[in-house]
Amino acid sequence: MNAKENVIASLAAALGTELPAAQIAELLEVPKSSTLGDYAFPTFSLAKIRRQAPPLIAQSLVDVIDQTGYEKVVATGAYVNFFLDKSTFAQDILATILTEGQHYGDSDLGAGGNVPIDMSSPNIAKPMSMGHLRSTVIGNSLAKIYSKIGYHPYKINYLGDWGTQFGKLIVAYHKWGSEAEIKADPIGNLLKYYVRFHKEAETDPKLDDEGRLWFKKLEDGDPEATHLWEWFRGLSLAEFNKIYQRLGVEFDSDNGEAYYNDKMDPVVQELTDKHLLQASQGAQIVDLTDEGLTPALIKRSDGATLYITRDLAAAIDRYHKFHFAKSLYVVGSEQTEHFKQLKAVLEKMGHTWAQDIVHVPFGLITKDGKKLSTRKGNVVLLDQVLDEAVDLAKAQIASKNPDLKNADQVAHQVGVGAVIFHDLKNDRLDSFDFSLQEVVRFEGETGPYVQYTNARAQSILRKAATNVDLTTDKLVLTDPKAWDVLKYLADFPNMITRAATEYEPSVIAKFALRLAKAFNKYYANSKILVADDELNARLALVSAVSQVLQAALDLLGVQAPAEM
Ligand code: ARG
């Protein structure tokens with residue numbers, strides 16, 4: 001039992017059947033100031049039940065609570081304030097972390113349930129955007145968090161590898177492209193053709209007709225169109241894979257939109273059988289007025305299927321494959337309406353599992369206050385951002401730690417870590433303006449700061465050169481300056497569950513920053529490596545901090561070099 005659970009149990013014992021433990025847990029607060037104890041229980045709700053004054057109730061609870069294991073339990077106004085016994089608390093938490101190691105914070109909440117995570121999903125023949133980067137790192141972190149609490153995540157890269165843009169691209173390639181150019185810089189040149197197509201189509205509307213024609217050919221399996229499509233897809237995927245490799249992200253599947261080409265007919269058939277399809281100006285729609293949503297466009301007037309039709313087929317396919325506990329879609333908030341429509345149509349079809357579909361939206365990244373747009377050429381190139389961050393890390397290492405072994409590898413871990421952490425530390429829904437200086441900043445609330453704190457802890461442990469003795473009576477740490485650090489350490493399991501229920505990796509990132517700051521403050525004011533009675537306990541603390549920081553960074557998909 002952790003400290004919070006102990007407090008809940010004490011209150012539950014005192015309250016009997018009056019309040020269930022779950023409700024006690026909800027009411028329990030952490031006071032702003034530690035002079036009011038470590039946990040505080042407000043008695044206002046009980047006052048309503050008992051029709052008694054809150055301070056009276058607080059005192060009556062204190063009278064019956066068993067005080068063993070606490071420094072004291074007192075009534076202050078309407079609150080019952082719990083002061084934990086600090087040395088017992090320290091021993092418990094240090095022993096727990098050091099014995100459980102990387103399993104500290106694991107739980108079985110998920111009971112082995114499957115969680116497919118639709119993430120990254122960039123569009124073929126275009127550079128991966130900052131939005132896709134956000135989806136990639138948020139999805140990757142959620143996969144790690146869900147796996148830690150006992151689910152089986154499946155990372156799906158639902159590539160945007162089908163659609164009218166391929167018709168346009170083929171036309172553009174025929175007109176202005178060359179194999180040599182594409183081989184030299186696949187995405188750069190495909191993008192160039194695509195941008196030129198849109199520019200010329202403004203004055204030459206025939207181009208759009210040609211584009212449509214070639215897309216039709218592609219849909220009908222024309223060999224030349226298929227060959228070019230496969231070529232573009234393969235080249236793009238190879239480029240994306242370079243980025244994924246740098247980020248350290250792997251997928252369980254890259255079945256994209258094209259994979260569903262032959263899986264949509266049954267969906268359209270099912271919609272027809274269930275009398276959900278309606279003709280509207282030549283197109284086929286599902287009316288969603290009841291739900292307060294715009295209609296879902298299932299088939300265009302020319303017979304072409306649409307984004308939502310593929311997503312319907314994919315959702316059903318995932319349900320049959322995984323019988324998922326939850327099915328997550330990490331996609332920008334601009335697609336909120338789309339996912340509402342998707343769920344609404346599935347519910348109308350009678351698929352009750354649609355309620356387990358969760359759209360995990362995130363905010364937009366802008367540049368100079370403007371939306372990024374591949375078509376308008378207002379893009380941030382991810383590869384360049386990563387290069388820049390790694391170069392900066394290299395320069396810092398060269399000046400601060402010139403003798404570091406594996407300097408290149410560490411520079412990669414620090415540079416890439418900075419970019420990932422920067423993306424994950426803000427609330428997922430916050431939008432932010434892209435600034436290269438901000439992303440590659442290493443001071444303040446950044447990934448490198450957390451990495452550096454861990455490396456510093458590791459260096460203390462190397463210098464100490466003795467192993468920590470795990471016998472509990474060797475873990476007595478009475479130094480009040482260590483108290484904040486210990487409390488944060490104990491909080492890690494709660495943070496993991498909260499990050500999972502809120503689909504919010506920033507909970508972990510913010511936690512890592514708090515812990516790192518508290519540890520640095522402790523370290524600045526205490527001598528660790530002096531031979532006295534508490535040396536072993538202090539080393540245990542340093543080791544626990546390092547383990548938890550590493551575990552937190554790992555949940556974010558950020559690496560933790562032992563030296564930097
Ligand atoms: N390729 C899409 C885009 O870039 C994102 C796909 C999201 N996933 C999905 N199942 N719809 O906008």
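One-based numbering, in listed order, for ligands and for the atoms of each.
- For an aromatic pair to be called close, the ring centres must be under 6.0 Å apart, and Trp214 with Phe166 fails this.
- In plain terms, the two heavy atoms of Trp229 and Ala258 that are nearest each other are CZ2-CB, 3.6 Å.
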- Message: Could you go through Tyr260 and Asp311, starting from their C-alpha distance and side-chain angles, then the distance that decides it, and tell me whether this counts as side chain to side chain donor-acceptor pair (under 3.5 Å)?
- Response: CA-CA 9 Å; Tyr260 294 96; Asp311 256 329; over 6 Å; no

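- For atom 4 (O) of ligand 1, the closest non-hydrogen atom on the protein side is His132 NE2, 2.8 Å.
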- Item | side chain to side chain donor-acceptor pair (under 3.5 Å) between Glu230 and Thr226, worked out | CA-CA 6 Å; Glu230 274 170 359; Thr226 309; over 6 Å; no

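- Taking only nitrogen or oxygen atoms, main chain and side chain alike, Asp118 reaches within less than 3.5 Å of ligand 1.
- Of the listed residues (Val330, Asn123, Asp311, Asn157), the one carrying the non-hydrogen atom nearest atom 1 (N) of ligand 1 is Asn123.
- Salt-bridge annotation for Asp118 and Arg318: present, with a side-chain N of the basic residue lying under 4.0 Å from a carboxylate O of the acidic one.
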- Message: Run the side chain to side chain donor-acceptor pair (under 3.5 Å) test on Glu445 and His422 for me, step by step, so that the C-alpha distance in whole Å, both residues' side-chain angles and the decisive distance to 0.1 Å come before the verdict.
- Response: CA-CA 9 Å; Glu445 310 217 311; His422 175 269; over 6 Å; no

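- Taking 4.0 Å as the cut-off, Gln335 counts as a neighbour of ligand 1 on heavy-atom distance.
- Within the listing of ligand 1, atoms 7 (C), 8 (N) sit less than 4.0 angstrom from a heavy atom of Val331.
- Looking at ligand 1, you won't find any N or O of Arg318 less than 3.5 Å from one of its N or O atoms.
- Taking each of Trp162, Tyr307, Tyr329 in turn, the one with a heavy atom nearest to atom 6 (C) of ligand 1 proves to be Tyr307.
- Near Ser121, the atoms of ligand 1 lying under 4.0 angstrom from a non-hydrogen atom of the residue are 1 (N), 2 (C), 4 (O), 5 (C), 6 (C).
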